[in-house]
Chemist: 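Attaching a single structure in structure tokens format; questions to follow.
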Amino acid sequence: MDLTQALEIASCTDPGMVRSHNEDSIASNAASGLVVLADGMGGYNAGEVASGMATTVITTELQQILAGVGPNQIDPQTNQEIAARLVRDQVLKANSSIYQAAQSQPQYAGMGTTLVLCLFFDNRVLVAHLGDSRLYLSRGGSFKQVTRDHSLLQEQIDSGLITAEQAKNAQHKNLVTKALGIDPSVEPEIHEYPTRPGDIYLLCSDGLCDMVDDADIGMTLQALGGNLNLAAQQLVQMANDNGGRDNVSVILVRVLREYPAARGVMAKVFAWLK
Amino acid sequence: MAKLILSMDGLVLKEIPLAKERTSIGRKPHNDIQIDNLAVSGEHAVIVTILSDSFLEDLGSTNGTLVNGNPIKKHFLQNNDIIELGKYKLKFVGEAAAAAGAEKADFEKTMVLRPSAMKAAAEQARAMAGGGAQAAVAARSTAVQQAAASAAATGIADKEAKPAPAAAPAPAAAPAPAPRPAQPLGAIQLISGANAGKEMELAKPLTTLGKPGVQVAVLTRRPQGYFITHVEGANRPNVNGQQIGAAPHPLKDHDVIELAGVKVEFFLKG
């Protein structure tokens, strides 16, 4: 099902004010309802390689598969929708590609990447993430973080060692506890949420949320929601105006209208015709 | 890396980095730190360093080992501890302090922690959290140090290919966000329409003007000053009678903005 009419996507990525190259990588495909953002890490250009591999492997593979099957088809093996399994499989595939490259080529040793991925289908969004790249949702007047970081800081907040307020000034914001390509196996966190027309989803690397307050990000989406491209550029600019100490990447997705999956007799006929 | 500073009678003799897991101290030449003095035993003491923690152990020396004036058998070394062997003094400089003096770790860049190291560190932190705030702070800093050390040990390269960070500075010393340059506050005043004369300060990073669905522009506050940008609508706003382009347009004091049939004046407040 082609979602070009249902989703508006805008993105922007920038090396920031301090770093010489951009290790973030973004990819999107409105037709398949897929957006992916990765923040790479590793010496020299290994970070770029890792994040680039993650976005490329995942988008090309998923796009191909989704051209043939609907994400809401029932998997005969598990009796569940195949979307989550498809996404998980591709994330694992990207993980092993990066891991093997890191193992076999000394200049890539230790490289890895965070990941946040959204797959929109059937009035829902499936979210998979690893590390500290985030998904936010702006709906109506509210703006909230959807994903929970896999980071040392988040674990400390959860265990009550520090408050969210103290976390803002913490020193070790950058230590993530899960990432793609570091270990031979990894388990992405996958959730599914219903979407509504008018929702704006924001995928961003830590270069944005470390430099700009959540309240300011929310206000920007509220104020500039009418012009997604401008909103994306504005967010990157705000991060750079505040110091831009890391690469900044944002992807904005607005749900324009409902996009229920085709069901019933017609769907069966179409499936049979294929 | 932690280090020892060897001195006698207040005179610094040398600095010794604790690079090895086991650093032996004694009079005999095979020791890592040889102190050729009869008051020092052949094999006097040993320092075992695990990640960022160093432990001093006396090896049954004749004259004993003092730490901060107290005789010890085994001791968990803290920053600035003074170890005494006879007339010789060894000052222990912890990893965090040593690193602060050297290169400061880059804490903006994303690094991954090994989950195994993580759990150990987090558990230790949790266990010590019970022992009061002081302990919690100490635990946290050790956790981070261990984590950073293990991240380094497991070969997580950092982005700029600098040496992997040796240690985390104390959590209290958070990096101050880049200070915003002093910038005059802007405001707008309506000069036409029903609410003429009404004034609004532009304190927020961005303020929208206009009617949604008809014509909307945004005023952004940046370190360089204020800018107006067209957001939506068929027509772009006018500034001083000239229609602005698609790019952000810088605003000067007393510029007149016209959009959605309303005129407003932009001005800077003293």
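Naming convention: chains lettered A, B, ... in sequence-line order (proteins, then strands); numbering from 1 in each chain.
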Chemist: Report, by ascending residue number, the residues of residues 228-261 of chain B in heavy-atom contact with chain A at a distance under 4.5 Å; give 'none' if the set is empty.
Modeler: B:Thr229, B:His230, B:Val231, B:Glu232

Chemist: Let me know if A:Gln234 has heavy atoms under 4.5 Å from chain B in its side chain, its backbone, both or neither.
Modeler: side chain

Chemist: Any side-chain heavy atom of A:Tyr99 sitting closer than 4.5 Å to one from A:Val186?
Modeler: no

Chemist: If we check side-chain contact (heavy atoms from CB on, under 4.5 Å) with A:Asp206, which of these qualifies: A:Asp132, A:Thr114, A:Val176?
Modeler: A:Asp132

Chemist: Do the side chain of A:His129 and the main chain of A:His150 share a donor and acceptor less than 3.5 angstrom apart?
Modeler: no

Chemist: Would you mind listing every ring pair (Phe, Tyr, Trp, His ring centres under 6.0 Å) that reaches into residues 221-247 of chain A, with sequence neighbours excluded?
Modeler: none

Chemist: Scan residues 91-103 of chain A for pairs that pass salt bridge (Lys or Arg N to Asp or Glu O under 4.0 Å), counting only residues two or more places apart or in two chains.
Modeler: A:Glu61-A:Lys93

Chemist: If you look only at pairs with a residue in residues 201-218 of chain B, which of them pass as a side-chain hydrogen bond (donor to acceptor under 3.5 Å, both in side chains), with sequence neighbours excluded?
Modeler: B:Glu201-B:Lys269

